[in-house]
Amino acid sequence: MRTPIIAGNWKLNKTVDEALALANDLKGQLSDLNDVEIVIAPPFTALAPLAATLTDSPIVLAGQNCYPAEGAYTGEISPALLRDVGCRAVIIGHSERRQLFAEQDDFINQKVKAALAAGLKVIFCIGETLTERNENLTFEVLEKQIRMGLSGLDSAAMTRLTVAYEPVWAIGTGQTASNEQAQEAHHFIRGLLSQLFDRSTAEATRILYGGSVKPDNIDGLMHQADIDGALVGGASLKVGDFIRIARFKRS
Ligand code: 13P
């Protein structure tokens, strides 16, 4: 069985003090939870203080992005420096990076490889826009993003990678994909991973859903066979909401 992951992507929110308060609340209130992996991705400025706070907690600290090189790249952050500051994972290919910062699949592939090579786990994000869905291009778009984004990876590398399916039209809109829409996409993704790698790799890979995940829709999503967790944006900023999501009920 795949251990579920509930990950909070705090995006560009929270001062250091606010981040510490939220992380301490989560640490205290989720300490009994041992069958779900909890990941939080605060802004870069909060990583070091949070790493110090979370040393005695299983909560995994993740970066929200990285650059696939080191040196003269003003304003960027490398996987090695994320590790150095206490991150064990990094989000790569988020739709906000793809859409607002024009990140392309081959660049995302370089980041995935660099992050894995540096010893980080990767949460690799994919998802179609509303126009693409309306034009029946969803599977085509997901396939391209996966084929290119995961190009050159082998099954061993895949043990440290989690896929996050985040339909762009569901992010921050309050319009979650239906349980059926999400399951259909996840099932397609798992089938493709089976083709590209092998069946056991596909069965072992966690596939998270992201896009307006809230306390009132998490249980239905987690009930789906191929949904192994959630990547949560807005609701991860509110302690009560995130805790309820982390304590989802599958039945
Ligand atoms: P929302 O949960 O705010 O829709 O954001 C989802 C997301 O982008 C997580 O990475």
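Just so it is clear, the structure is predicted and the values come from calculations on it, not from any experiment. We count ligands from 1, going down the list as the structure has it; atoms in each ligand are counted the same way. Computed over heavy atoms, backbone and side chain alike; hydrogens, waters and symmetry mates excluded.
Which parts of ligand 1 touch Gly172 is read off a 4.0 Å heavy-atom cut-off, strictly below it: atoms 1 (P), 3 (O), 4 (O). Interface of Ser212 with ligand 1, defined as ligand atoms under 4.0 Å from a residue heavy atom, comprises 1 (P), 2 (O), 4 (O). Of all the atoms in ligand 1, the ones that sit under 4.0 Å from a non-hydrogen atom of Ala170 are 4 (O). Residue contact check: Leu231 has heavy atoms under 4.0 Å from atoms 9 (C), 10 (O) of ligand 1.
Looking at Gln64, Lys214, His94 and measuring to atom 8 (O) of ligand 1, the nearest heavy atom belongs to His94. Of the candidates Gly211, Gly210, Gly233, the one placing a heavy atom closest to atom 2 (O) of ligand 1 is Gly233.
At a threshold of 4.5 Å between non-hydrogen side-chain atoms, the residues Pro79 and Val90 do not count as touching. Leu120 has its side chain within reach of Leu82: a pair of non-hydrogen atoms, C-beta onward, lies under 4.5 Å apart.
Residue Gly234 has at least one nitrogen or oxygen atom sitting less than 3.5 Å from a nitrogen or oxygen atom of ligand 1, judged on distance alone. For the pair Asn9 and ligand 1, the shortest N or O to N or O distance falls below 3.5 Å.
Proximity of Lys11 to ligand 1 is established by a heavy-atom distance of less than 4.0 Å. Ligand 1 has no atom lying under 4.0 Å from any heavy atom of Cys125. Heavy atoms of Ala235 come nearer than 4.0 angstrom to ligand 1 in no pair at all.
Shown are Leu150, Leu153, Ile146, Thr201; of these, the side-chain contact (heavy atoms from CB on, under 4.5 Å) with Leu196 is made only by Ile146. Screening Arg250, Lys214, Arg244, Arg247 for a salt bridge (Lys or Arg N to Asp or Glu O under 4.0 Å) with Asp219, the sole residue that qualifies is Arg244.
Looking only at distances, a side-chain donor or acceptor of Arg190 sits under 3.5 Å from a matching main-chain atom of Ala202.
Taking all atoms of both residues into account, the shortest heavy-atom contact from Ala185 to Leu142 is CB-CD1, 4.2 Å.
For the pair Asp105 and Arg147, the salt-bridge criterion is not met [side-chain N within less than 4.0 Å of a carboxylate O]. Contact check on Asp25 versus Lys238 returns no salt bridge, with no Lys/Arg side-chain nitrogen under 4.0 Å from an Asp/Glu carboxylate oxygen.
Neither the backbone nor the side chain of Ser236 has a heavy atom within less than 4.0 Å of ligand 1.
Below 30°, between 30° and 60°, or above 60°: for His186 and Tyr165 the angle between ring planes is above 60°, a perpendicular geometry.
Of the protein's non-hydrogen atoms, the one nearest atom 7 (C) of ligand 1 is Glu166 OE2, 3.1 Å.
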